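Computed from a predicted structure; not experimentally measured. For ligands, and for the atoms within them, numbers begin at 1 and follow the listed sequence.
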Amino acid sequence: MPRGRLIIISGPSGAGKSTVVAQLLRDCPLPLVLSVSATTRPPRPGEQDGVNYHFLTSQQFEERRRAGDFLECCEVFGLGYWYGTLKSEVSSGLAAGKWVILEIDVEGAMKVLPQAPEAVTVFVHPGSMEELERRLRGRGAESEEAIQRRLEIARHELTFANRYSHRVENRSVDQAVREICETLSRIRKGEECSKN
Ligand code: 5GP
């Protein structure tokens with residue numbers, strides 16, 4: 001069985017990262033699979049346990065952390081909830097030859113990288129802070145305080161962008177998905193050539 005690959009995708013909230021990842025999984029003809037993280041944050045309307053996240057209580061999360069079940073976990077900057085990548089999600093995907101996508105924050109990514117230096121890292125960039133602010137305000141659903149908080153988190157995340165091997169500007173979701181898929185396809189092709 002071929003061993004798969006690890007792909008880490010990060011980027012500030014409002015950069016459209018989740019939409020890009022969902023469309024990438026749907027449209028890119030590579031054996032991609034999403035690692036379902038664990039979190040202590042409550043589900044949002046429409047989110048399903050085991051599909052979007054494994055929703056855990058703080059106690060369950062702590063027990064799993066003590067048991068060494070996480071590849072990485074952290075209290076995500078500015079949110080006050082814990083999130084973690086389960087080793088079981090990653091190892092089952094890799095063993096099946098899949099390209100396992102971790103959609104995680106920058107601090108989680110920096111913890112995984114030393115353990116998996118061969119991982120492909122992609123930073124989804126919103127373009128500029130002005131563009132990000134325009135998008136966050138365009139959603140129209142949040143208080144000024146919540147928008148300012150998200151912008152603060154985004155500024156923090158953007159300082160990590162140059163630590164990623166690939167940066168993709170999300171001007172349009174279709175284009176960002178195409179770019180990431182092409183990058184991954186090129187890497188796969190390179191691997192196949194080097195085997196022959
Ligand atoms: P949300 O609550 O909006 O789904 O996610 C909030 C943030 O947590 C996002 O930046 C997301 O990428 C990050 N995140 C989701 N799962 C994990 C994880 O397993 N580990 C880490 N470190 N961050 C995660």
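For Ser10, the side chain to side chain donor-acceptor pair (under 3.5 Å) partners are Tyr164, not counting sequence neighbours.
For the residue pair His156 and Glu107, a side-chain donor N or O sits within less than 3.5 Å of a side-chain acceptor on the partner.
A continuous path of Ile, Leu, Val, Met, Phe, Trp and Tyr side chains, each step under 4.5 Å between heavy atoms, connects Met110 with Phe123, placing both in one hydrophobic cluster.
Within the 3.5 Å criterion, the main-chain N or O of Pro12 finds no donor-acceptor partner in the side chain of Arg150.
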Would you mind writing out the side-chain donor-acceptor pairs for residues 71-82 within the sub-3.5 Å range, not counting sequence neighbours?
residue	atom	partner	partner atom	Å
Glu72	OE2	Thr85	N	3.3
Glu72	OE2	Thr85	OG1	2.6

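Annotation for Leu24: hydrophobic cluster partners, listed by chain and number, are Ile7, Ile9, Val20, Val21, Leu25, Leu30, Leu32, Leu34, Trp99, Ile101, Val120, Val122, Val124, Val168, Val173, Val177, Ile180, Leu184, Ile187 (ILVMFWY side-chain heavy atoms under 4.5 Å, direct or chained).
Each of Lys17, Ser37, Arg41, Arg44, Tyr53, Glu72, Cys74, Val76, Leu79, Tyr83, Gly84, Thr85, Glu103, Ile104, Asp105, Gly108 has a non-hydrogen atom positioned under 4.0 Å from some atom of ligand 1.
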